[in-house]
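A short write-up of the structure that comes next.
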Protein chains: 2
Amino acid sequence: MAIAKTEEFTQEAVYLADIAKALSHPARIQILKILTEMDVCMCGDIVELLPLAQSTVSQHLKELKRVGLIQGDIEGPKVCYCINSSSLKKAYEQIQKLFNQLTKGGSKSCETKKK
Amino acid sequence: MAIAKTEEFTQEAVYLADIAKALSHPARIQILKILTEMDVCMCGDIVELLPLAQSTVSQHLKELKRVGLIQGDIEGPKVCYCINSSSLKKAYEQIQKLFNQLTKGGSKSCETKKK
DNA sequence: ATCGTTCATCGCAAATATACGATAAAAGAA
DNA sequence: TTCTTTTATCGTATATTTGCGATGAACGAT
């Protein structure tokens, strides 16, 4: 109330939701970890580490690429995927900003709000 | 290679993906912000701040409640929603853990991996 | 030119998600 | 009891997601 209905969502919320969507599948979380922790980058290698078909892994890679969290360098018939550090960093900063707001937000517990 | 196919996903990845799924819609991001920034807690109040029908907002609240990020205290016919600080904190810690791993992961760029 | 490797895309099926209006349930107020 | 307020749930429609096998495209090697 007082604050007018936005009729849309904020840019910040749309961005964060989009990043969250890209992270909303266990396979995609694990792909990101595989790309950082292991000396591996090819789609085929990732397929061997996940219980999914090649075409499915390819789709997950596409989704991660869509939001910019990873990038793929074409190497002849192969593609070398890797983390896009700057995008990842930007995403993390926005996530931190969100959670800092959510956690600092004075102890407005249910008890406090009840009137 | 070397590491056997898991045949499933890790517990950590499943948990993080579930939290991310709850955050994967702009309305739900904004609901969390509304609950922390404004002195508001009722479903009806939130409906007025979002371009969505009451039943839709109720569904979003249900999804946030499902993963424990918020809780709802019944107040007669009303329900006072608020952030569940401990769950939110736990989620944030896991997210920080993930991103710290992803960002620190030595500069294994595509260039580095190409062999 | 043909083969093998690697990956993306197509086509399809099943499951989920999103959204709304209508209705039900719960509880205080008249 | 009946009305009002508030929220959840039902039913429905549409869109998106997830997954797979099959196929196609790109390219190096033979």
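Throughout, protein chains are lettered first and strands after them, A, B, ... in sequence-line order, and every chain is numbered starting at 1.
We find that CG of L61(B) is positioned 15 Å from C1' of dT18(C), with the value rounded to whole Å. Rounded to an integer number of Å, the gap from CD of E75(B) to P of dA27(C) is 12 Å. Rounded to a whole Å, the CG atom of L23(A) is 17 Å from the C1' atom of dT18(D). Taking atom CG on L64(B) and atom P on dT18(C), their separation rounds to 11 Å, with Å as the unit. Atom-to-atom, CG of L50(B) to P of dC20(C) comes out at 11 Å; the value is rounded to the nearest Å. Put simply, OH on Y81(B) is 14 Å from P on dT6(D), counting in whole angstrom units. Remark: C1' of dT9(D) and CD1 of I74(B) are 14 Å apart, rounded to the nearest angstrom. Rounded to an integer number of Å, the gap from NZ of K78(B) to P of dA27(C) is 14 Å.
For dG21(D), neither phosphate oxygen OP1 nor OP2 lies less than 4.0 angstrom from any side-chain nitrogen or oxygen of S55(A). A close approach under 4.0 Å does not occur between any side-chain nitrogen or oxygen of H60(B) and OP1 or OP2 of dA17(C). Applying the 4.0 Å criterion to OP1 and OP2 of dT17(D), one finds that K21(A) has a side-chain N or O inside that range. In this model, the phosphate group of dA19(C) is approached by a side-chain N or O of H25(B) to a distance below 4.0 Å at OP1 or OP2.
Side-chain atoms of L52(A) lie closest to dG19(D) of the nucleotides dT18(C), dA26(D), dG19(D). Considering only the side chain of K62(B), dT9(D) comes nearest among dT9(D), dC20(C), dT9(C). Comparing dA8(D), dT6(D), dA19(C) by their closest approach to the side chain of M42(B) singles out dT6(D). Checking dT18(C), dC20(C), dA8(D) against every side-chain atom of A53(B), the shortest atom distance belongs to dC20(C).
Position along DNA chain D of the nearest nucleotide to Q54(A) versus A27(A) favours A27(A) as the more 5'-ward residue.
In the hydrophobic clustering of this structure, L50(B) does not group with M42(B); members are Ile, Leu, Val, Met, Phe, Trp, Tyr whose side-chain heavy atoms approach within less than 4.5 Å, directly or through other members. Note on L23(B) and V14(A): same hydrophobic cluster, where clusters join Ile, Leu, Val, Met, Phe, Trp and Tyr whose side-chain heavy atoms are under 4.5 Å apart, directly or indirectly.
Residue E63(B) is out of contact with every strand shown, counting any heavy-atom pair closer than 4.0 Å.
Note that CD of Q30(B) and CG of L16(A) are 10.5 Å apart. Values are rounded to the nearest 0.5 Å.
In terms of polar N and O atoms assigned as donor or acceptor, the side chain of Q59(B) never comes within less than 3.5 Å of the base of dA17(C) in a complementary pairing.
A cation-pi contact, defined as under 6.0 Å to the ring centre and within 45° of the axis, is absent between K65(B) and Y81(B).
Side-chain atoms of S86(A) and K90(A), non-hydrogen and from C-beta on, never get closer than 4.5 Å to each other.
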